Each structure stands twice: as structure tokens, then as C-alpha cells.
Amino acid sequence: MTGSDEHCGTCGWPTTLPPTTISRHHTSEGLVTYTRCTCGTVRMWLSPNTPHQLGPH
């Protein structure tokens with residue numbers, strides 16, 4: 001996807017406005033969220049785990 005993290009690279013819609021959440025699940029890297037813009041573009045967001053969320057090793 002082109003463009004900045006603040007706007008959709010396809011239509012320019014601000015990504016700060018609530019998108020439609022398609023899927024959200026935890027992975028070993030963190031929380032993955034797929035959203036759909038008002039223009040239909042799908043975007044993947046990764047919220048990385050913090051050391052506190054990983055637990056003891």
C-alpha cells in the first residue's frame with residue numbers, strides 16, 4: 001500500500017477515522033487486525049507484543 005500511515009494510499013481517507021474491522025487475532029508477533037477502508041482497500045495493522053505481554057521466559 002502506498003501513502004502515509006495517516007491516510008489510505010488508494011483514496012486518501014484518514015485512517016484515524018474508525019474503519020470496518022474484518023478480522024482480529026493474536027499471533028506470536030502481537031495482535032493482527034485487518035480493516036477495510038470506505039473505498040474497499042484492505043489494510044493490515046500489527047500491534048506488537050510488549051515484553052510484559054510475552055510473559056516469563
Side-chain angles (χ1 to χ4, degrees):
M1 174 176 217
T2 60
S4 73
D5 287 339
E6 297 175 5
H7 293 88
C8 174
T10 303
C11 71
W13 188 264
T15 57
T16 55
L17 297 176
T20 300
T21 299
I22 300 170
S23 174
R24 180 176 291 147
H25 57 274
H26 292 278
T27 69
S28 61
E29 297 294 319
L31 180 65
V32 175
T33 304
Y34 290 88
T35 60
R36 185 179 309 277
C37 181
T38 57
C39 72
T41 299
V42 175
R43 184 171 181 156
M44 191 270 311
W45 302 83
L46 173 63
S47 300
N49 289 325
T50 63
H52 181 266
Q53 292 171 318
L54 294 176
H57 292 291

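On a predicted model such as this, the values are computed, not experimentally measured, just so you know.
Between T35 and T20 the shortest side-chain heavy-atom distance does not fall below 4.5 Å. When side chains are defined from C-beta on, T15 counts as touching R43, because their heavy atoms get closer than 4.5 Å.
For T38, the side chain to side chain contact (heavy atoms under 4.5 Å, CB included) criterion is met by W13, not counting sequence neighbours. With sequence neighbours left out, the side chain to side chain contact (heavy atoms under 4.5 Å, CB included) criterion links I22 to Y34, R36, V42.
Separating the CG atom in L31 from the NE2 atom in H26 is a distance of 5.0 Å, to the nearest 0.5 Å.
Here the side chain of T27 pairs a donor or acceptor atom with the backbone of E29 at under 3.5 angstrom.
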